[in-house]
Amino acid sequence: MEKKSTHILNASSNLLGFSLVIITSLKISKISHNTYLDEFAGVACLFFAFSCFFSFLAIRSRHEHRGNRFETIADYLFLTALFCIVLAVIIVTLKII
């Protein structure tokens, strides 16, 4: 099976930037206190950052077993962060409608 670490690193670093843009725009527009949107985006930022960290460790690991473990951790962190972003999008959608 092909390693997914490089793909996780690329996607999670891009979505980390997207999450930071969400938080910054909420702080600038001063609507962060009305919704839980900034909390979900903040949690997503943390999970994306840790996913980047563990996927980088998986790429750089010299032991295959340890690299697979780091990749699995990065994969689950990425999935959790993606779920947080989906919740944030749902909140925005419900707030607009």
Co-members of L9 in a cluster of I, L, V, M, F, W and Y side chains, linked at under 4.5 Å: I59

All side-chain contact (heavy atoms from CB on, under 4.5 Å) counterparts of H65, not counting sequence neighbours: R69

Contacts of type ring-ring contact (aromatic ring centres under 6.0 Å, His included), residue F47, not counting sequence neighbours: none

Transitive ILVMFWY side-chain link F50 to F18, under 4.5 Å: no

Distance (rounded to the nearest 0.5 Å) between E39 CD and L26 CG: 9.5 Å

N10: partners by side-chain hydrogen bond (donor to acceptor under 3.5 Å, both in side chains), with sequence neighbours left out: N14

Pairing residues for F40 by the ring-ring contact (aromatic ring centres under 6.0 Å, His included) criterion, not counting sequence neighbours: none

Atom of A58, atom of S5 and distance for their closest heavy-atom approach: CB-OG, 3.3 Å

Inter-residue atom distance S55.OG - R60.CZ, 0.5 Å rounding: 13.0 Å

Working for side chain to side chain contact (heavy atoms under 4.5 Å, CB included), residues K3 and N68: CA-CA 8 Å; K3 293 186 72 77; N68 289 337; 3.8 Å; yes

I'd like a table of donor-acceptor pairs (distance under 3.5 Å, sequence neighbours excluded) in which one partner is a side-chain atom from residues 73-89, with atom names and distances.
residue: D75; atom: OD2; partner: K4; partner atom: NZ; Å: 3.1
residue: T80; atom: OG1; partner: Y76; partner atom: O; Å: 2.9

Hydrophobic cluster identity match, F48 and L37, side-chain contacts under 4.5 Å: yes

Rounded distance [0.5 Å steps], CG in L57 versus SG in C52: 11.0 Å

Under the side-chain contact (heavy atoms from CB on, under 4.5 Å) test, residues paired with C45 that sit two or more places apart: L16, S19, L20, I23

Pairs flagged by salt bridge (charged side-chain N to carboxylate O under 4.0 Å, His left out) wherever residues 42-58 is involved - sequence neighbours left out: none

